[in-house]
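Presented below is the structure to which this report refers.
All heavy atoms count here, side chains included; hydrogens, waters and symmetry mates do not. If you read the sequence from its start, that first residue is 1, and numbering goes on from there.
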Amino acid sequence: MNIHRTIEKVKRLLHFHRHPIFCMTMMLFFSPNTSPLWGWTTFTDVTGEAGIHFVHINGATGEHLFPETIGSGCAFFDYNNDGWLDIYLVNSGHVTGSGASNALYRNRGDGTFTDVSDAAGVDDTGFGAGVCVADYDGDGWVDVYLCNFGRNTLYRNNGDGTFTDTTETAGVDETRWSTSSTFLDIDNDGDLDIYVVNYVRYFGERDGCVSKMFSVYCSPETFDAEPDTLYRNNGDGTFTDVSQVSGVTGAGRGLGVVSGDYDNDGDVDIFVANDMSPNFLYRNLGNGTFEEIGFIAGIALSDDATMGNSMGIDLADFDNDSGLDLVVTNFQNQVNTLSHNDQDGFFTDVSYRSGTGIPSLPLLGWGCGFVDVDNDGWRDVFIVNGHIHDNIEKFDDVGKYAQPKQLFRNDKYGIFSDMSSQSGPALTIPQISRGAAFGDYDNDGDIDVIINNLHSPTTLLRNDGGNVNGWVRVVVQPPTASVGARVWLETPDSLRQTYEIHSGGSYASSSDTRPLFGIGKAESAKIWIEWRDGTRSEVVETSPRQTLTFHHPASHN
């Protein structure tokens with residue numbers, strides 16, 4: 001019997017995305033307690049041998065000051081255009097005192113990194129949260145935007161290994177408590193704008209809440225939500241705050257943000273993960289304004305109509321139907337939400353039926369990503385966890401401060417298997433994780449992970465074995481044109497994948513913007529690009545284990 005043909009027949013009969021009988025059947029068939037059917041990858045902690053010695057500091061002194069809880073993000077990006085991913089790590093420091101320096105590690109191309117923070121001039125000492133990277137001025141070098149508790153910072157890449165603080169001259173000196181940001185082209189004019197997520201109005205006067213006779217960090221509901229900020233790029237190195245005129249006016253205690261064209265209408269939309277506020281979906285109306293439709297689209301609340309403490313967020317096509325799906329991480333006892341894009345303007349919550357929901361309940365999720373860790377052509381889900389209460393074990397029978405990571409293998413039919421305990425001991429070691437970024441730092445053809453842990457050393461996880469299957473990497477030039485470009489890949493077995501490049505996402509982090517497609521055992525693949533301006537590249541056919549570079553026609557390269 002051809003088992004795949006049988007499954008396809010069952011899918012058509014039961015409408016696989018929505019019918020619980022099919023989902024339960026697939027969960028039994030692909031039980032997470034069985035060994036992987038086609039082999040699997042493991043992750044190895046190589047932080048020390050890679051030369052990364054960064055330690056995040058949150059300044060905790062036992063007073064339980066609220067900003068100490070949220071931690072910081074990280075980024076994989078190539079700041080010196082040598083083809084190797086470098087690492088940026090955000091630090092915090094003391095809320096009421098001095099900050100701790102951020103760090104930039106240059107990739108030496110041999111599996112090790114060198115700390116170049118001082119020489120590069122990006123050792124910002126603000127109380128940091130998020131980092132986002134993109135080429136905002138179109139000079140071919142990737143710049144850095146930092147979200148802080150206090151004034152945000154924009155570093156312009158000088159192209160010689162150094163950066164210049166251009167925050168004031170660019171006009172992006174947001175001073176409210178910002179957590180995450182995304183570079184995006186809201187008006188398809190060819191340059192990149194910035195959406196900044198702001199959190200709460202905090203003055204330190206209501207810290208030290210009490211739970212069951214213990215001093216704990218206060219709930220975010222204790223503090224008033226702040227509205228976000230949208231900066232439009234003027235094309236001359238400066239930006240204009242267009243939040244009000246564009247309709248981006250909601251106040252939602254934002255922690256995570258990701259952008260992408262979810263409705264395939266040719267312009268970029270914005271998703272915001274809010275902490276104890278409904279999540280936002282700002283639909284781009286194509287005329288310079290946005291309409292907030294989170295409730296209408298079905299992503300504002302969970303499937304049971306409850307509001308979550310949402311932190312991390314990612315947008316990608318996990319089921320290869322050409323629609324961008326959504327994952328949002330939440331608090332302990334709140335399911336991490338996996339939302340399927342029905343491509344009719346609505347999303348369906350498939351958290352429970354997919355098998356990703358129940359395992360998330362005991363944990364508190366932060367950074368996340370749709371990433372194909374085993375290169376089989378189907379995106380898996382990687383999540384890092386960690387509680388906010390440093391004394392949670394004293395008043396909760398389930399919660400733990402340090403928590404393991406989670407990795408769900410995509411079993412191709414809307415069902416995922418929890419492979420967290422079968423993917424190497426590094427994933428099961430409890431940590432207080434926050435930001436996570438994904439990328440192939442050693443250029444060996446599989447996705448690695450950098451994790452920024454709260455008040456503790458960072459973690460670099462090397463993917464070992466993911467490149468057993470074939471892969472194709474795509475480099476899109478120039479960097480300004482890459483953000484928002486949609487890359488397509490098709491293999492001879494008619495498997496079609498799409499990868500829309502975005503800046504930001506996860507939690508307060510930025511991942512590699514070079515699409516890395518897994519193609520399994522396919523011996524060839526066809527690739528093409530749909531650019532932001534609506535033009536389409538020629539189709540290129542390639543063999544596995546190749547890196548292809550595409551240039552936007554206007555770049556004349």
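Checking side-chain atoms of Thr458 against main-chain N and O of Ile451 turns up a donor-acceptor pair under 3.5 Å. Side-chain N or O atoms of Thr535 include none that pairs as donor or acceptor with a backbone N or O of Trp531 at under 3.5 Å. The backbone N or O of Ala437 sits nowhere less than 3.5 Å from a side-chain atom of Ser509 that would complete a donor-acceptor pair. Asn341 places a side-chain N or O within donor-acceptor distance of the main-chain N or O of Leu324, the cut-off being under 3.5 Å. Under a 3.5 Å cut-off, the side chain of Asn385 and the backbone N or O of Leu363 do not form any donor-acceptor pair. A distance-only check finds a donor-acceptor pair linking the side chain of Gln406 to the backbone of Pro359 [under 3.5 Å]. Side chain of Ser339 to main chain of Phe347: no donor-acceptor pair is present (N/O by atom type, distance under 3.5 Å, no hydrogens or angles). Of the possible polar contacts, one joining the Ser117 side chain to the Leu104 backbone as a donor-acceptor pair under 3.5 Å is found. With hydrogens and angles ignored, the 3.5 Å screen pairs a side-chain donor or acceptor of Thr329 with a backbone N or O of Gly312.
Nearest heavy atoms, Asn264 versus Ser322: ND2-O, 3.9 Å. In plain terms, the two heavy atoms of Asp135 and Thr480 that are nearest each other are O-OG1, 3.0 Å. The shortest non-hydrogen separation linking Asp444 to Arg473 is N-NH2, 4.4 Å. Of all non-hydrogen atoms in His53 and Tyr105, the two that sit nearest each other are N-OH, 3.2 Å.
Taking the six-membered ring for Trp and the full ring otherwise, Phe183 and Tyr195 have centroids separated by 6.0 Å or more. For Phe271 and Phe280, the ring centers sit 6.0 Å or farther from each other.
Judged by distance alone, the side chains of Glu523 and Ser543 never bring a donor and an acceptor atom under 3.5 Å apart. Between Asp45 and Thr459, the side chains place no donor N or O within less than 3.5 Å of an acceptor N or O (distance only, hydrogens not considered). Neither side chain, Arg156 nor Thr166, offers a donor N or O lying under 3.5 Å from an acceptor on the other. Side-chain atoms of Thr229 and Glu174 form a donor-acceptor pair, as typed in the model, at a separation below 3.5 Å. Between the side chains of Ser433 and Asn453, a donor-acceptor pair is found at a separation under 3.5 Å.
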Contacts table for residues 83-93: side-chain donor-acceptor under 3.5 angstrom, sequence neighbours left out:
residue	atom	partner	partner atom	Å
Asp86	OD1	Asn107	N	2.7
Asp86	OD2	Tyr79	N	3.0
Tyr88	OH	Asn102	ND2	3.2
Tyr88	OH	Val122	O	2.7
Asn91	OD1	Ile57	N	2.8
Asn91	ND2	Val55	O	3.3
Asn91	ND2	Ser101	O	3.3
Ser92	OG	His56	NE2	3.0
Ser92	OG	Ser72	OG	3.1
Ser92	OG	Gly128	O	3.0

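In this pair, Phe318 and Phe370 present their aromatic rings parallel. The plane angle is below 30°, not in the 30 to 60° band.
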Assess the residue pair Phe408 and Met419 against the criterion (side-chain contact (heavy atoms from CB on, under 4.5 Å)); give the C-alpha distance rounded to whole Å, side-chain angles, the decisive distance to 0.1 Å, and a yes or no.
CA-CA 6 Å; Phe408 295 94; Met419 302 298 293; over 6 Å; no

Apply ring pair (Phe, Tyr, Trp, His ring centres under 6.0 Å) to the pair Phe438 and Phe382, showing each step before the final yes or no.
CA-CA 9 Å; Phe438 307 91; Phe382 196 108; 5.8 Å; yes

Evaluation steps, side-chain contact (heavy atoms from CB on, under 4.5 Å), between Leu489 and Arg496
CA-CA 6 Å; Leu489 179 143; Arg496 177 177 288 194; over 6 Å; no

Determine whether Arg486 and Glu500 satisfy the following criterion, salt bridge (Lys or Arg N to Asp or Glu O under 4.0 Å), listing intermediate values before the conclusion.
CA-CA 4 Å; Arg486 187 169 290 194; Glu500 184 170 306; 2.6 Å; yes

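Within the structure, salt bridge (Lys or Arg N to Asp or Glu O under 4.0 Å) pairs that include any residue of residues 511-521 comprise Asp512-Arg514 (at least two apart or interchain).
In summary, Asp185 and Arg532 engage in a salt bridge, as defined by a charged side-chain N under 4.0 Å from a carboxylate O. Electrostatic pairing of Asp263 and Arg283 counts as a salt bridge here, judged by a charged N lying under 4.0 Å from a carboxylate O.
A side chain to side chain donor-acceptor pair (under 3.5 Å) with Thr41 is found for one member of Asp464, Asn463, Asp374 and no other, namely Asn463.
Under the ring pair (Phe, Tyr, Trp, His ring centres under 6.0 Å) criterion, Phe239 pairs with Tyr136, not counting sequence neighbours.
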